[in-house]
Structures are given as structure tokens and as C-alpha cells.
**Student:** 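Provided herewith is a single structure, encoded as C-alpha cells, for subsequent inquiry.
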Amino acid sequence: MRIIKQIIISFSLYSRIPMPIFEWDGDDMHHAITFLPLIGLVIGGVSLGVYKLCALANIPELVRVLTLSLVPLVITGGFHMDGFMDVSDALHSYQSKEKKLEIMKDPHIGAFSVISLLIYGMIWVAALYTVIYKAIGAGDTKLISIYALFFFVARTICGLTSICFEKAKKDGMLQTEAGQSSFRDKMLLVIQTIIGSLGIMYFRPILGVLVIIGLFIYTLIYKYMCDKEFGGVTGDTAGFFVAVSEEVMLVILAIGSILL
């Protein structure tokens with residue numbers, strides 16, 4: 001029963017999927033991030049279903065791209081993109097670590113966050129269009145199945161980095177969600193990461209390996225960036241990680257679908 005409660009809390013925090021309402025406090029949130037990947041599983045499943053429906057209806061490729069791009073935004077309410085924009089503003093401020101943390105807390109958006117979002121969106125649409133074009137040409141859903149798993153794997157790594165990497169602040173939402181996580185939480189996330197990675201490699205082994213390597217390299221870059229720019233990870237950088245890691249994997253998938 002306690003696990004079900006923690007899953008409900010996780011979905012309530014990280015998605016816009018309607019959940020049962022009940023009273024919970026900070027202690028109930030300590031393991032919520034462990035079940036963050038389940039939201040990714042839902043996003044991936046819905047994305048795969050939407051793609052198949054679009055294929056049955058013979059929807060034009062560009063419409064499929066835009067429709068699939070909306071799926072994670074609708075399910076999460078843009079939760080992670082908010083973090084992406086906040087971090088983008090902070091990074092382009094070239095201020096001290098303390099000032100950058102203040103900028104990320106500011107509810108207003110700056111020009112650099114908008115510019116970064118536009119660049120992100122254009123790269124996403126171009127890469128996803130390539131993947132869908134190649135999937136249609138191949139006449140199967142292997143590439144789309146790999147794409148669907150990205151949302152799951154990105155969140156397993158996000159959970160691990162949020163728990164294991166140094167925190168920029170000793171208080172705040174991320175500390176509440178991940179600061180008291182146990183060895184069990186880490187192992188559950190590691191197991192989920194392995195399962196998701198094997199799933200990606202199952203459909204296209206060589207391409208899958210390249211995707212996972214790319215994600216691993218980006219994770220190291222992310223840690224370096226957070227330590228250097230903010231003194232550790234925060235809730236906003238976690239959202240940034242999810243958004244960018246998904247795009248990194250998608251770009252590798254798009255390039256690999258052309259070359260391999």
C-alpha cells in the first residue's frame with residue numbers, strides 16, 4: 001500500500017495525469033523520484049500508440065511529428081521544459097553561482113530561455129521528422145519503439161543523478177524528493193536503467209549501444225556543468241537533464257537511422 005501511495009505522489013508531482021487526492025507530507029515524498037521513470041513509461045506507451053493511430057489514418061509525416069512532440073508536453077504539463085528554460089537563463093547570465101541559483105528561482109522568463117527553447121524545438125522537430133521518415137520507409141516501428149523508451153531511460157538516469165550527485169542547496173524541492181533516498185531507491189533506479197537500456201539495444205543493437213553511450217557521455221557533461229555553474233544539482237537542473245538527454249538520444253537515433 002505504501003508503494004502505491006508513493007507512485008501516486010510521483011505521478012502527482014511529475015505529471016498532469018489525474019490521481020487520487022489524499023493528505024501527504026514531506027516524508028511521503030522521499031521516495032517519489034524512484035518512480036519518476038514510470039511517467040516516462042506512460043509517455044512512451046502513449047507516443048507509440050499515437051504513432052500507430054496516425055499510421056492507420058495515413059496522417060502526413062509533419063503532423064505526426066508535431067502530434068508526437070505534444071504528447072510529453074501534455075502528460076507532464078511542460079514540467080521539465082520549465083527547468084530547461086530556467087537553467088538556460090541562468091547559464092547565459094554569466095553571474096556567480098549564487099546569482100544563477102537566484103535566477104532559476106525567478107518565475108519570470110528571459111530572452112535566452114526563449115531563444116534556447118526555439119533552438120531546442122527546431123532540433124527536436126528535425127530529428128523526430130528524420131526518425132519518422134525512416135520508420136515509414138522501413139515499414140516497421142523499431143525506431144519509434146526506441147524513441148518511446150527514451151522517456152523512460154532519461155528519467156531513470158535523472159533519478160540516479162538527483163540522488164547521487166551533490167546538491168547545490170541543502171533545502172528546496174530536490175532535497176525533499178531525493179535527499180533521504182535509500183539504497184533500495186538507488187537499486188530500483190539502476191535496475192530500471194538496465195531494463196530500459198537493454199530494451200533500446202534490443203530493437204537495433206548497434207544503434208542502441210551508440211544511443212546509450214551518448215547518454216552516458218552527456219550525463220558526465222551534465223555533472224561537470226552543474227558542479228561548475230551551480231555547485232551541484234537542483235530541481236531545475238533535473239528538468240534540464242531530462243529535456244536535453246531526450247534530445248541527445250533523439251539526435252543520435254536520427255543520425256544513426258541515416259548512416260546505419
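Values in this document were obtained by computation on a predicted structure and should not be read as measured data.
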**Student:** Kindly say whether Phe11 contributes a backbone atom to a donor-acceptor pair with the side chain of Ser15 at under 3.5 angstrom?
**Tutor:**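 Flag set: sc Ser15 to bb Phe11 pair under 3.5 Å.
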
**Student:** So, for Leu207 and Ile252, which heavy atoms are closest and what is the spacing to 0.1 Å?
**Tutor:**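 That closest heavy-atom pairing would be CD1-O, 3.9 Å.
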
**Student:** Would you kindly confirm whether Ile39 and Met81 end up in one hydrophobic cluster when ILVMFWY residues are joined by side chain heavy atoms under 4.5 Å apart?
**Tutor:**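 Cluster IDs for Ile39 and Met81 match.
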
**Student:** Give me the ring orientation class for Phe112 and His92: parallel if the planes are under 30° apart, tilted from 30 to 60°, perpendicular past 60°.
**Tutor:**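 Ring orientation, 0 to 90° scale: parallel.
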
**Student:** Indicate the ring-plane relationship of Phe241 and Tyr218, choosing parallel, tilted or perpendicular according to the 30° and 60° boundaries.
**Tutor:**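 Parallel.
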
**Student:** Answer yes or no: are there more than 12 heavy-atom neighbours, outside Phe203 itself, under 6.0 Å from its atom CZ?
**Tutor:**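 Check passes, neighbour count above 12.
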
**Student:** Tell me, do Val74 and Arg16 make a side-chain contact under 4.5 Å, heavy atoms counted?
**Tutor:**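 They are not in contact (no side-chain heavy atoms under 4.5 Å apart), so the answer is no.
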
**Student:** Please assess Arg204 against Ile146 for the test side-chain contact (heavy atoms from CB on, under 4.5 Å), listing each intermediate value before the final yes or no.
**Tutor:** CA-CA 8 Å; Arg204 292 281 294 271; Ile146 294 174; 3.8 Å; yes

**Student:** State whether the number of non-hydrogen atoms from other residues, nucleotides or ligands found under 6.0 Å of Lys142 atom NZ is greater than 12.
**Tutor:**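 No - once you tally the heavy atoms of other residues, nucleotides and ligands closer than 6.0 Å, there are 12 at most.
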
**Student:** Between Ile115 and Phe84, is there shared hydrophobic-cluster membership here, with clusters defined by ILVMFWY side-chain heavy atoms closer than 4.5 Å?
**Tutor:**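 No: no chain of side-chain contacts under 4.5 Å links Ile115 to Phe84.
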
**Student:** Tell me whether Leu118 at atom CG has more than 12 heavy atoms from other residues, nucleotides or ligands lying less than 6.0 Å away.
**Tutor:**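 Yes, the 6.0 Å shell around CG holds more than 12 heavy atoms from other groups.
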
**Student:** Within the supplied structure, the quantity of interest is the number of heavy atoms (other residues, nucleotides, ligands) at a distance under 6.0 Å from Ile206 CD1; does it exceed 12?
**Tutor:**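 Count not over threshold, so no.
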
**Student:** Taking Lys169 for the side chain and Gly232 for the main chain, is one N or O donor matched with an acceptor at less than 3.5 Å?
**Tutor:**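 A pair under 3.5 Å: no.
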
**Student:** Give a yes or no on whether the backbone of Ala32 and the side-chain of Ser10 come within a donor-acceptor separation of less than 3.5 Å.
**Tutor:**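 Pair found, side chain donor or acceptor close to backbone of Ala32.
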
**Student:** Where do Tyr51 and Tyr147 land on the ring-ring contact (aromatic ring centres under 6.0 Å, His included) test, with the steps shown first?
**Tutor:** CA-CA 11 Å; Tyr51 175 81; Tyr147 164 78; 9.1 Å; no

**Student:** With rounding to the nearest 0.5 angstrom, report the OG to CG distance, Ser257 to Leu143.
**Tutor:**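 Taking OG in Ser257 and CG in Leu143, the distance rounds to 5.5 Å.
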
**Student:** Donor-acceptor pair, distance only, cut-off 3.5 Å: does the side chain of Ser116 make one with the backbone of Ser113?
**Tutor:**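 Absent.
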
**Student:** Checking Ile200 against Val209 for the side-chain contact (heavy atoms from CB on, under 4.5 Å) test, could you report, in this order, the C-alpha distance in whole Å, the side-chain angles of both residues, the deciding distance, and whether it holds?
**Tutor:** CA-CA 8 Å; Ile200 289 174; Val209 169; over 6 Å; no

**Student:** Do you reckon Ile258 sits in the same ILVMFWY cluster as Phe150, going by side-chain contacts under 4.5 Å, direct or chained?
**Tutor:**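 In one cluster with Ile258: Phe150, no.
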
**Student:** Ignoring hydrogens and geometry, is there a side-chain-to-backbone donor-acceptor pair from Asp89 to Gly110 under 3.5 Å?
**Tutor:**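 Judged by distance alone, yes, a pair lies under 3.5 Å.
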
**Student:** Show your reasoning for whether side-chain contact (heavy atoms from CB on, under 4.5 Å) applies to Met225 and Phe230.
**Tutor:** CA-CA 8 Å; Met225 178 201 76; Phe230 310 114; 4.2 Å; yes

**Student:** Answer with yes or no whether the hydrophobic clustering places Leu68 together with Leu53; edges join I, L, V, M, F, W, Y residues whose side-chain heavy atoms lie under 4.5 Å apart.
**Tutor:**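 Shared cluster, no.
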
**Student:** Hydrophobic clusters here meaning ILVMFWY residues chained together by side-chain heavy-atom distances under 4.5 Å, can you tell me if Val244 and Leu220 are in one?
**Tutor:**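 In one cluster: no.
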
**Student:** Give a yes/no verdict on a cation-pi contact between Lys223 and Phe165, requiring under 6.0 Å between NZ or CZ and the six-membered ring centre and an angle within 45° of the axis.
**Tutor:**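 Yes; both conditions hold, so Lys223 lies above the ring face of Phe165.
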
**Student:** What I want to check is whether the side chains of Glu61 and Tyr129 have a donor and an acceptor closer together than 3.5 Å.
**Tutor:**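 Glu61 vs Tyr129: donor-acceptor pair found between side chains.
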
**Student:** Quick one: does any side-chain atom of Lys167 pair with a main-chain N or O of Ile163 as donor and acceptor, under 3.5 Å?
**Tutor:**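 Yes; judged by distance alone, with no hydrogens or angles, the pair exists.
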
**Student:** For the backbone of Leu188 and the side chain of Gln192, can you confirm whether one donor and one acceptor N or O come within less than 3.5 Å of each other?
**Tutor:**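 Indeed, once roles are kept as given, a pair shorter than 3.5 Å links the two residues.
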
**Student:** When rounded to the nearest 0.5 angstrom, what distance separates OG1 in Thr141 from CD1 in Ile136?
**Tutor:**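 The CD1 atom of Ile136 is 12.0 Å from OG1 of Thr141, to the nearest 0.5 Å.
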
**Student:** Would you say the side-chain atoms of Thr237 and Tyr222 include a donor-acceptor pair closer than 3.5 Å?
**Tutor:**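 Yes, a side-chain donor-acceptor pair sits under 3.5 Å.
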
**Student:** Give me the one residue out of Ile43, Leu38, Leu41 that meets side chain to side chain contact (heavy atoms under 4.5 Å, CB included) with Arg155.
**Tutor:**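 The side chain to side chain contact (heavy atoms under 4.5 Å, CB included) with Arg155 is passed solely by Ile43 among Ile43, Leu38, Leu41.
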
**Student:** So how far is it from Met19 CE to Leu13 CG, rounded to the nearest 0.5 Å?
**Tutor:**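 If we round to the nearest 0.5 Å, Met19:CE and Leu13:CG are 11.5 Å apart.
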
**Student:** Counting only N and O atoms by type, is there a donor-acceptor contact under 3.5 Å from the side chain of Glu98 to the main-chain atoms of Ser96?
**Tutor:**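 No, Glu98 side chain to Ser96 backbone: no donor-acceptor pair under 3.5 Å.
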
**Student:** Evaluate Leu48 against Ser145 for side-chain contact (heavy atoms from CB on, under 4.5 Å), listing each step before the verdict.
**Tutor:** CA-CA 7 Å; Leu48 189 57; Ser145 296; 4.1 Å; yes

**Student:** Within the 4.5 Å heavy-atom criterion, are Leu36 and Cys158 side-chain neighbours or not?
**Tutor:**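 Yes. Closest side-chain heavy atoms under 4.5 Å.
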
